[in-house]
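Beneath this line is the structure, given in structure tokens, with notes to follow.
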Amino acid sequence: MSDNEHALLTTVLSNGHGAMFLYVLNYLTGYEAWTMDELKGYGSSKENGYTTLAHGHPEIECPGVEVTTGPLGQGIANAVGLAIASNNLAAQYNQTGYDIVSSTIYCMTGDGCLGVIIGVRC
């Protein structure tokens, strides 16, 4: 499965320290760039020119990472914004029998994200 075929399923990881969950999810759902060797690179020392996609926090340059989140709770706001945008596009372009826009957005969050004001307001 190519990386472009995953556009209908979006997972936003608000708690960036749980990055390995997102990386394994990308691997299990068939992202070509996410191999077992990439997963093994998570947390490994980056010596002698060794590189990996599996950073401690997800980076936007990596396949399957929709947004790079910063402070706690920012991912919740990103997920809400993506869901609103998807619904607006669907309302504008979908017609009976022609679901052009059809997506699912998940947000993985933790207690720290829910404890800050941005998470509560979303």
Side-chain angles (χ1 to χ4, degrees):
M1 186 177 292
S2 73
D3 294 342
N4 290 336
E5 293 177 271
H6 293 274
L8 300 178
L9 172 64
T10 301
T11 303
V12 177
L13 185 70
S14 187
N15 49 346
H17 288 98
M20 190 53 152
F21 174 82
L22 181 62
Y23 300 152
V24 170
L25 182 65
N26 288 341
Y27 170 74
L28 292 174
T29 57
Y31 275 90
E32 294 171 358
W34 289 101
T35 64
M36 188 56 71
D37 287 335
E38 289 293 341
L39 296 177
K40 289 177 182 177
Y42 181 78
S44 301
S45 58
K46 312 305 186 265
E47 299 174 351
N48 300 322
Y50 176 76
T51 61
T52 181
L53 292 173
H55 304 290
H57 276 97
E59 298 292 334
I60 192 72
E61 295 82 16
C62 300
V65 177
E66 303 292 334
V67 294
T68 301
T69 58
L72 286 173
Q74 180 183 342
I76 300 170
N78 287 334
V80 169
L82 288 168
I84 290 170
S86 178
N87 284 338
N88 283 338
L89 286 171
Q92 185 171 4
Y93 294 108
N94 288 358
Q95 297 177 9
T96 305
Y98 297 97
D99 288 337
I100 297 170
V101 178
S102 174
S103 61
T104 303
I105 291 105
Y106 295 95
C107 181
M108 299 300 297
T109 188
D111 59 342
C113 294
L114 297 173
V116 294
I117 197 68
I118 191 172
V120 173
R121 290 185 177 173
C122 289

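Two residues are said to be in side-chain contact when any heavy atoms from C-beta on lie closer than 4.5 Å; Pro71 and Val116 fail this criterion. Here the side chains of Val65 and Leu53 are not in contact, with every heavy-atom distance at 4.5 Å or above. Counting only heavy atoms from C-beta outward, the side chains of Leu13 and Asn15 approach each other to under 4.5 Å.
Put simply, Leu28 and Met20 are part of the same group of oily side chains (I, L, V, M, F, W, Y) that touch within less than 4.5 Å, one to the next. Hydrophobic clustering (side-chain heavy atoms under 4.5 Å, transitive across Ile, Leu, Val, Met, Phe, Trp, Tyr) keeps Tyr98 apart from Leu89.
Using bins of under 30°, 30° to 60° and over 60° for the plane-to-plane angle, the ring pair Trp34/Tyr23 lands in the parallel bin.
Looking at every heavy atom in both residues, Ile76 comes nearest to Thr109 through CD1-OG1, 3.5 Å. Val101 approaches Ser86 most closely through the heavy-atom pair CG1-O, 3.6 Å. For Ala19 against Tyr42, the heavy-atom pair with the smallest separation is CB-CE1, 4.4 Å. Taking every heavy atom of both residues into account, Pro58 and Thr68 meet most closely at O-CG2, 3.5 Å. Minimum heavy-atom separation, Gly75 to Cys107: O-SG, 3.9 Å.
The only member of Leu82, Asn87, Val80 that meets side-chain contact (heavy atoms from CB on, under 4.5 Å) when paired with Ile84 is Val80.
Annotation for Asp111: atom CG does not count as buried by contact number, only 12 or fewer foreign heavy atoms lying within 6.0 Å.
In this structure, the separation between OG on Ser14 and CE on Met108 is 10.5 Å, given to the nearest 0.5 Å. The distance from the CG atom of Leu39 to the OH atom of Tyr27 is 7.0 Å, given to the nearest 0.5 Å.
A donor-acceptor contact under 3.5 angstrom links the side chains of Glu38 and Thr52, judged on distance only.
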